[in-house]
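Each remark here refers to the structure printed beneath this line.
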Number of protein chains: 2
Amino acid sequence: MNTILLNILRQRGYRITPQRELILNAAMQSQAHVTAETIFERVQQHTQALNIATVYRTLDLLVTEGLFRRTDLGGGSMVYAPTEHGPHIHLVCYKCQQTLEAEYQLVANLTSEIQQRHHFSADLHHVSIFGLCANCQPSN
Amino acid sequence: MNTILLNILRQRGYRITPQRELILNAAMQSQAHVTAETIFERVQQHTQALNIATVYRTLDLLVTEGLFRRTDLGGGSMVYAPTEHGPHIHLVCYKCQQTLEAEYQLVANLTSEIQQRHHFSADLHHVSIFGLCANCQPSN
DNA sequence: GCTATAATTGCGACTATTCGCAATAGCAAA
DNA sequence: TTTGCTATTGCGAATAGTCGCAATTATAGC
């Protein structure tokens with residue numbers, strides 16, 4: 001049972017509903033990125049009392065509150081991960097759809113440069129970069 | 001009438017259909033980014049002989065052939081622009097949805113670093129970076 | 001413990017996009 | 001110019017995600 005994140009939400013004035021508890025627990029259940037659909041299925045194994053729209057709305061809330069990150073890994077649906085899992089970037093191949101994880105370090109100073117030059121606070125903590133992996137690049 | 005891009009497609013073994021001509025012309029009609037829906041509406045002013053799925057498929061083709069770029073500007077639908085319009089990056093605000101254009105230069109050496117370290121050919125030519133604009137950042 | 005109120009949920013409709021499949025039609029070769 | 005092959009299209013259904021609105025409910029104040 002994850003009380004830490006629930007308490008953060010409560011402190012920020014959000015109501016703690018059974019649905020939010022269920023979603024949060026299901027979302028924290030694995031170390032990997034999860035889709036809304038996966039969370040929905042996990043919760044449904046215990047109870048019927050949940051609508052998929054609520055899953056999306058709760059995940060949106062968690063993302064805008066900075067507790068989760070949403071990433072497009074090119075698989076057709078967005079994936080979510082707790083912010084505490086630490087920043088890293090995703091290299092997603094256009095062609096074969098494979099994804100590589102890379103160190104956040106690569107984009108760290110891009111963030112500060114964008115802040116200085118454009119006063120824009122870029123969120124690159126779980127960003128996806130699309131392109132072609134080694135195997136799929138034309139070899140000439 | 002845009003014969004240059006049509007010839008490139010022909011040379012690469014793709015068939016030139018009336019639909020592809022119409023879509024290509026409509027897509028090149030303005031300097032700005034366009035959505036599939038916009039292209040579809042433009043073409044429909046001339047003829048009914050076009051299906052929205054074909055618009056999406058043709059745009060996909062143009063993107064995978066490197067002739068167009070697809071970008072998510074956070075407005076709910078993807079936008080497309082000819083590659084020849086030149087690279088630039090988009091700073092998209094999570095909160096107010098406003099987008100700023102910035103120089104490609106900012107990410108130029110990130111591309112080569114990713115190539116060196118991960119042998120991954122990153123495509124950052126029209127990338128969107130999400131975050132908070134100056135107005136929407138907490139001011140403390 | 002009750003009540004009032006505003007946040008949250010469920011539901012059904014809607015949007016953007018993709019997909020499978022049968023029908024159509026470019027284009028290369030004869 | 002006709003033919004045949006296969007790429008491409010149209011269609012309708014499916015998927016991921018969002019939205020408006022009425023019903024429900026968490027929580028602050030009594």
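Protein chains get the first letters and strands the later ones, always in sequence-line order, with residue 1 at the start of each.
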| said: Using five pairs at each end of the helix from C:dG1-D:dC30 to C:dA30-D:dT1 to define an axis, what is the angle between those two axes, to 10°? | reply: 30°

| task | Measure the distance from CZ on A:Phe40 to C1' on C:dG10 and round it to the nearest whole Å. | result | 11 Å

| Pick one: which of A:Leu59, A:Val63, A:Leu62 meets side chain to side chain contact (heavy atoms under 4.5 Å, CB included) with A:Arg70? | A:Val63

| task | Applying salt bridge (charged side-chain N to carboxylate O under 4.0 Å, His left out), name anything that partners B:Arg69, two or more places apart in sequence or on another chain. | result | B:Asp123

| Candidate pair A:Tyr80 and A:His33, rule ring-ring contact (aromatic ring centres under 6.0 Å, His included), full reasoning | CA-CA 5 Å; A:Tyr80 298 82; A:His33 305 86; 10.0 Å; no

| said: We want to know whether A:His118 and B:Glu103 form a side-chain donor-acceptor pair, criterion being a heavy-atom distance below 3.5 angstrom. | reply: yes

| Integer-rounded Å distance: C:dT15 C1' and B:Glu37 CD | 9 Å

| query | Is the phosphate of C:dG10, meaning OP1 or OP2, less than 4.0 Å from a side-chain N or O of A:Thr54? | reply | yes

| query | Quick check: does any side chain N or O of A:Thr99 sit under 3.5 Å from a backbone N or O of A:Val92, one acting as donor and the other as acceptor? | reply | no

| Can you check whether A:Tyr56 has a side-chain N or O nearer than 4.0 Å to OP1 or OP2 of D:dG17? | yes

| task | Take atom CZ of B:Arg20 and atom P of C:dG26, then tell me their distance rounded to the nearest Å. | result | 11 Å

| Position toward the 5' end of DNA chain C (nearest nucleotide), B:Met78 or B:Pro18 | B:Met78

| Residue-phosphate contact under 4.0 Å: A:Arg57 side-chain N/O, D:dT18 OP1/OP2 | no

| query | Atom CG of A:Leu50 and atom C1' of C:dC11: how far apart are they, to the nearest Å? | reply | 13 Å

| query | NA contact type, A:Gly76, heavy-atom cut-off 4.0 Å: base, sugar-phosphate, or nothing? | reply | sugar-phosphate

| message | If hydrophobic clusters are built by linking Ile, Leu, Val, Met, Phe, Trp and Tyr wherever their side-chain heavy atoms come under 4.5 Å apart, do A:Leu67 and A:Tyr104 end up in the same one? | response | no

| query | Hey, is the side chain of B:Gln19 poking within less than 4.0 Å of OP1 or OP2 on D:dG10, counting only N and O atoms? | reply | yes

What pairs of nitrogen or oxygen atoms, one from the protein and one from nucleotides 27-30 of chain C, lie under 3.5 Å apart?
from: C:dC27; atom 1: OP1; to: B:Ile16; atom 2: N; distance (Å): 2.9

| Common cluster, A:Tyr14/A:Leu22, ILVMFWY with side-chain heavy-atom separation under 4.5 Å | yes

| Between D:dG12 atom C1' and B:Ile52 atom CD1, what is the distance in whole Å? | 15 Å

| query | B:His125 side chain to B:His88 main-chain N or O, any donor-acceptor pair under 3.5 Å? | reply | no

| query | Does a side-chain N or O from A:Asn51 land closer than 4.0 Å to OP1 or OP2 of C:dT9, or not? | reply | no

| Looking only at atom types and distance, does a side-chain atom of A:Gln11 sit under 3.5 Å from a main-chain N or O of A:Leu6, one as donor and one as acceptor? | no

| query | Can you tell me if A:Thr71 uses its side chain to pair, donor with acceptor, with the backbone of A:His126 under 3.5 Å? | reply | yes

| query | Between D:dT27 atom P and A:Leu9 atom CG, what is the distance in whole Å? | reply | 11 Å

| task | Could you state the atom-to-atom distance from CD of B:Glu21 to C1' of C:dG26 in whole Å? | result | 12 Å

| field | Protein-nucleotide distance (A:Glu65, atom CD; C:dT8, atom P), rounded to Å | value | 10 Å

